[in-house]
Amino acid sequence: MAKYNPAKIEKKWQKYWESKKLYEAEDFSGGKKNFMLLVEFPYPSGDLHTGHWYAFAVPDIYGRYLRMNGFNVMYPIGFDAFGLPAENAAIKNNIHPRDWTKKNITKMSKQLRSMGAGFDWSRQVSTIDPEYYRWTQWIFIQLYKAGLAYRAETLVNWCPNDKTVLANEQVIDGKCDRCGSAVEQRNLSQWMFKITSFADRLIDDLNDLDWPESTKLAQKNWIGRSEGARIEFRITNQELRISVFTTRPDTIFGATYIVLAPEHPLVQNNELGITNYEEVAEYIKQTKKKTELQRQEDKEKTGVELKGLLAINPMTEKEIPIWIADYVLGHYGTGAIMAVPAHDERDYEFAKKFNLPIKEVVLNEEKFIGHANEKEGVLINSNQYDGMSSAEAKTKITQALKEKGMGELHKNYRLHDWVLSRQRYWGVPIPMIHCADCGYQSVEETELPIKLPPLKDFMPADDGRSPLAKAGKWLKVKCPKCGQPAERETDTMDTFVDSSWYFLRYTDPKNEKEFASKENMTKWLPLPLYFGGAEHNTMHLLYSRFITKALRSLNIVDFSEPFLGRRNHGFIMDKTTGHKMSKSKGEAVDPDVEVAKHGADAVRMYFAFMGPYDQNYNWNSEGLLGVRRFLDRVWNFINKQTTNKKQPTTESKEIKIKLNKSIKEIGEQIKQHKFNTGVSGLMKLLNELENESLLVVSCESFVKLLAPFAPHIAEELWQEVLGNGTSIHLEKWPEFDEALLMEESITLVVQVNGKVRDIIKVKRGLSEDEAKTSAMAQENVRKAIADKTVQRVIYILDKLINIVLE
RNA sequence: GCCCGAGUGGUGGAAUGGUUUACACGCACGACUUAAAAUCGUGUGCCGAAAGGCAUGUGGGUUCGAGUCCCACCUCGGGCACCA
């Protein structure tokens with residue numbers, strides 16, 4: 001008998017599967033239910049690392065299980081290939097980003113094949129393929145035409161190192177999520193997607209999704225809906241008003257001053273006639289110098305009063321001072337607040353420092369909870385609203401303001417529109433043309449794709465101009481409206497645009513007329529399940545939901561949520577550094593080396609065995625060895641069974657029961673994505689059967705149970721050892737006999753006063769009296785009872801009997 | 001500060017309110033071997049000679065019975081954060 005040699009058999013079967021097109025899914029497969037098994041597609045960083053293995057190999061178990069249970073499974077794969085890291089690496093290695101990326105894709109495709117996953121390579125997509133990004137551009141144009149994509153000047157995040165604008169989602173703790181540089185605020189004109197117009201639905205529709213609660217919560221917090229009122233404050237002797245947002249309109253009688261953010265439009269020049277404007281301008285200048293990060297770190301409140309101006313509190317009709325201070329943020333709410341120092345911690349600090357009046361208007365024992373005092377109280381010092389609860393006053397006061405034309409109910413969001421312009425080379429060109437006379441015009445759809453020009457000098461610039469501005473010939477076009485000379489938009493799109501719709505393309509990847517036919521989409525979408533990393537909670541997942549909702553509103557797709565189910569995977573950590581493993585950080589474990597040593601099957605199964613799929617783990621080579629030992633034993637076990645000349649014609653009921661039980665349990669475990677206990681179930685089964693003689697059909701069942709986890713060895717044993725002529729991966733998952741399981745004897749736990757005193761083996765379905773008699777007959781039980789009287793007996797059928805004493 | 005999630009052997013972890021520690025790693029001892037590796041077998045929560053007792057972060061509670069449910073606290077991880 002030959003020894004188990006994974007290196008020899010794995011390549012062979014990978015080729016076999018590919019030549020038989022085993023995993024190429026039909027779009028319309030009679031009677032079978034379609035199931036697209038999606039895992040976030042990889043970024044072609046150059047090398048497949050342990051994280052990729054974990055991400056792709058484990059869900060493959062689920063896909064194979066579904067296939068064996070009659071589903072028409074599509075496990076697509078592709079590359080998210082545009083983006084900053086590619087460009088930075090290309091600059092560093094003095095190579096064109098296109099060449100660098102393509103080289104990586106070639107290498108990673110090879111490595112991905114070594115996994116033995118059931119990928120459908122015929123549907124592969126790559127976001128840098130013009131036939132792909134043509135549709136990225138097309139989607140942009142549809143959104144533009146619908147007013148969901150627009151250009152506007154706002155405060156945006158600028159990364160001084162990467163020399164590009166970033167979306168809010170890509171700024172972590174005030175730093176660029178790619179390079180870690182402190183982000184600056186710049187007022188720039190940028191292309192944006194109107195994600196805020198779907199804010200409510202992006203929150204509310206979460207309720208119907210089968211997603212981890214933590215992910216839903218992260219999105220809710222990110223969108224940050226707060227309900228309150230917008231209130232207008234007149235300025236004495238001026239036409240202009242100041243609009244503020246508050247969640248506590250009930251405290252308006254305590255609003256003793258107004259604060260504007262230094263970025264507020266009213267103070268950018270002195271049209272209002274502020275008497276100390278020089279001082280104000282200096283403060284604005286100082287604020288601008290600070291990064292968002294520094295601004296947060298300054299604990300001490302600062303600010304300047306706008307002298308010569310007063311605002312009027314619309315409820316008290318009293319004049320109150322106006323200040324600017326950097327504790328009010330330009331990019332939240334209206335950039336202005338009514339300060340209620342008695343009931344807001346920050347206003348209180350500010351008022352104390354600058355000696356501003358503090359007026360209590362809500363009776364409430366407890367001081368600030370969080371920043372604002374959220375606890376419901378009773379109003380005081382508020383004229384006719386005295387004695388009212390905060391909740392009631394909120395409604396009543398907002399209503400009163402509305403009648404005066406000075407305010408209304410308002411919902412405010414933390415979420416901002418998605419800034420999608422990037423001043424970098426390696427991305428999808430935004431398909432717009434700027435004409436001096438006609439303004440911005442979208443490119444004719446028939447001209448798509450607008451290809452990325454092959455630039456030699458693609459270095460980013462400090463001035464916020466994209467490298468594409470250097471593509472002279474490409475740049476100059478005629479205005480589609482008036483025909484006069486015009487220029488192409490030179491910004492490229494955020495790569496998150498590319499990845500926000502790729503799953504749609506998988507349903508119809510070669511379609512040249514549309515990004516996917518409705519017919520195909522209906523067959524595969526919305527996705528029942530999506531595997532990926534938790535770091536995408538407020539990025540990719542949110543963006544994809546937005547794009548789907550936008551396309552739905554344009555009637556281009558007919559579902560409003562792309563991913564009905566979601567499972568997050570954990571990460572493989574480096575034990576020594578405590579970091580997420582990745583090649584770029586010089587990870588210690590190279591999956592290629594481990595595969596060469598122990599085989600893809602062992603590596604796959606080890607990942608499945610480590611523990612629950614959503615947790616982080618340290619790689620442990622000894623753990624991998626344990627799985628390898630298991631596969632060696634499986635190999636020997638099946639080989640021994642078949643070389644045994646005297647094939648048994650019957651087998652014991654016990655063997656049958658054990659096998660049936662495992663079929664049931666392992667199936668349930670895979671279905672619930674409990675891959676770790678699935679593996680241990682197989683191990684247990686082998687422990688029990690290893691020294692038995694099995695019928696051939698039982699051997700076959702065993703190998704079928706193994707097939708999703710270790711597809712290569714299972715195929716080898718199935719075809720070469722057990723002598724079958726077709727792939728095991730087209731076989732049906734074995735069935736189990738429920739009646740047989742009922743015949744199994746069970747262990748009954750015998751407790752006295754809740755303490756285990758014995759365990760007895762009995763047949764199922766014992767009556768309480770029978771159980772009691774058996775239990776009382778046990779030596780240990782009699783000893784424990786001694787001369788005490790039995791008070792009551794708790795009997796849980798087939799599980800436990802508890803004898804409770806006095 | 002606010003909002004989540006998690007704390008079980010030496011390690012990864014298992015456990016519909018019902019035998020805590022499945023499965024695996026590691027370790028110890030034994031078999032095979034001149035020897036080692038590999039492999040196989042046995043043992044392995046803590047205290048105790050044993051009987052037995054004690055153990056799922058800490059302290060309480062509910063229950064015949066709590067890792068699991070409730071309350072408070074501690075520690076770690078994550079999200080949000082001068083967000084009005």
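Everything numeric in this text was worked out from a predicted model, so none of it was measured. Computation of the quantities below employed the complete heavy-atom set of this structure, encompassing side-chain atoms and omitting hydrogens, waters and symmetry-equivalent molecules. All chains are named by letter (A, B, ...) in the order of the sequence lines, taking the proteins before the strands, and each is independently numbered beginning at 1.
- Sorted by first and then second residue, the salt bridge (charged side-chain N to carboxylate O under 4.0 Å, His left out) pairs with a member in residues 614-629 of chain A read A/Arg628-A/Asp632; sequence neighbours excluded.
- Checked against the 6.0 Å centroid criterion, the rings of A/Trp222 and A/Tyr413 do not qualify as a close aromatic pair.
- Considering A/Gln185, A/His331, A/Glu169 as possible partners of A/Asn157, the one that fulfils the side-chain hydrogen bond (donor to acceptor under 3.5 Å, both in side chains) test is A/Gln185.
- The pair A/Lys671-A/Glu668 does not count as a salt bridge, with every side-chain nitrogen at least 4.0 angstrom from each carboxylate oxygen.
- For the side-chain contact (heavy atoms from CB on, under 4.5 Å) test, residues two or more places apart in sequence or in another chain that qualify with A/Glu305 are A/Lys307, A/Pro321, A/Trp323.
- Across the C1' atoms, B/G79 and B/A28 are found 46 Å apart, a figure rounded to whole Å.
- Note on A/Gly224: nothing from the nucleic acid sits closer than 4.0 angstrom, heavy atoms only.
- Annotation: salt bridge (charged side-chain N to carboxylate O under 4.0 Å, His left out) contacts of A/Glu688 (sequence neighbours excluded): none.
- Listed by chain and residue number, A/Phe350 satisfy the ring-ring contact (aromatic ring centres under 6.0 Å, His included) test with A/Tyr327 (two or more places apart in sequence, or in another chain).
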Which pairs, protein N/O on one side and nucleotides 5-12 of chain B N/O on the other, fall under 3.5 Å?
unit_1	atom_1	unit_2	atom_2	d
B/G12	O2'	A/Met610	O	2.8

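- Counting to the nearest Å, the P atom of B/G79 and the CG atom of A/Asp177 are 12 Å from each other.
- The nucleotide whose nearest atom lies closest to any side-chain atom of A/Glu622 is, among B/C25, B/U20, B/C23, B/C25.
- A/Lys755 comes within 4.0 angstrom of the backbone, heavy atoms only, and of no base.
- When heavy atoms are screened at a 4.0 angstrom cut-off, A/Asn676 is found touching the sugar-phosphate backbone but no base atom.
- Residues A/Lys288 and A/Asp326 are not paired through a salt bridge, judged by the lack of any N-O separation under 4.0 Å between the basic side chain and the carboxylate.
- Using a 4.0 Å heavy-atom criterion, one finds that A/Val756 contacts the sugar-phosphate atoms exclusively.
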Open item on the list: In dot-bracket form, 5' to 3', how is RNA chain B paired? Count Watson-Crick and G-U wobble pairs only if both distances fall under 3.5 Å, and write | where the partner sits on another strand.
Closed with: (((((((..(((.....[....)))((((((.......))))))(((....)))..(((((..]....))))))))))))....

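- For B/C82, its base sits under 3.5 Å from the side chain of A/Lys301 at one donor and acceptor pair at least.
- The side-chain contact (heavy atoms from CB on, under 4.5 Å) check on A/Thr398 picks up A/Ala229, A/Pro249, A/Leu409, with sequence neighbours excluded.
- In this structure, A/Asn537 reaches neither bases nor backbone, as no heavy-atom distance under 4.0 Å exists between it and the strands shown.
- Of the candidates B/C82, B/C25, B/C3, the closest approach to any side-chain atom of A/Asp326 belongs to B/C82.
- Checking B/C54, B/C23, B/G79 against the side-chain heavy atoms of A/Ala218 singles out B/G79 as nearest.
- Ion pairing between A/Asp344 and A/Arg248 fails under the 4.0 Å rule for side-chain N and carboxylate O.
- Contacts between residues 627-635 of chain A and RNA chain B, counted as heavy-atom distances below 4.0 Å, involve A/Arg629, A/Arg633.
- Nucleic acid contact for A/Val259: none, since no nucleic acid atom lies under 4.0 Å from a heavy atom of the residue.
- Rounded to whole Å, the distance from CG on A/Leu686 to P on B/U39 is 14 Å.
- Judged as a side chain to side chain donor-acceptor pair (under 3.5 Å), the pairs with a partner in residues 254-267 of chain A (not counting sequence neighbours) are, in order, A/Glu263-A/Arg295.
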Check nucleotides 64-68 of chain B for protein N or O atoms closer than 3.5 Å to its own N or O atoms and list the pairs.
unit_1	atom_1	unit_2	atom_2	d
B/C64	OP1	A/Arg792	NH1	3.3
B/C64	O2'	A/Asn802	ND2	3.4
B/C64	O2	A/Asn802	ND2	2.5

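- Nucleic acid contact class of A/Ser226 (heavy atoms, under 4.0 Å, all strands): sugar-phosphate only.
- Residues satisfying the salt bridge (charged side-chain N to carboxylate O under 4.0 Å, His left out) test with A/Glu738, not counting sequence neighbours, are A/Lys664.
- The side-chain contact (heavy atoms from CB on, under 4.5 Å) check on A/Ser214 picks up A/Pro212, with sequence neighbours excluded.
- Side-chain atoms of A/Asn616 do not come within 3.5 Å of backbone N or O of A/Gly570 as any donor-acceptor pair.
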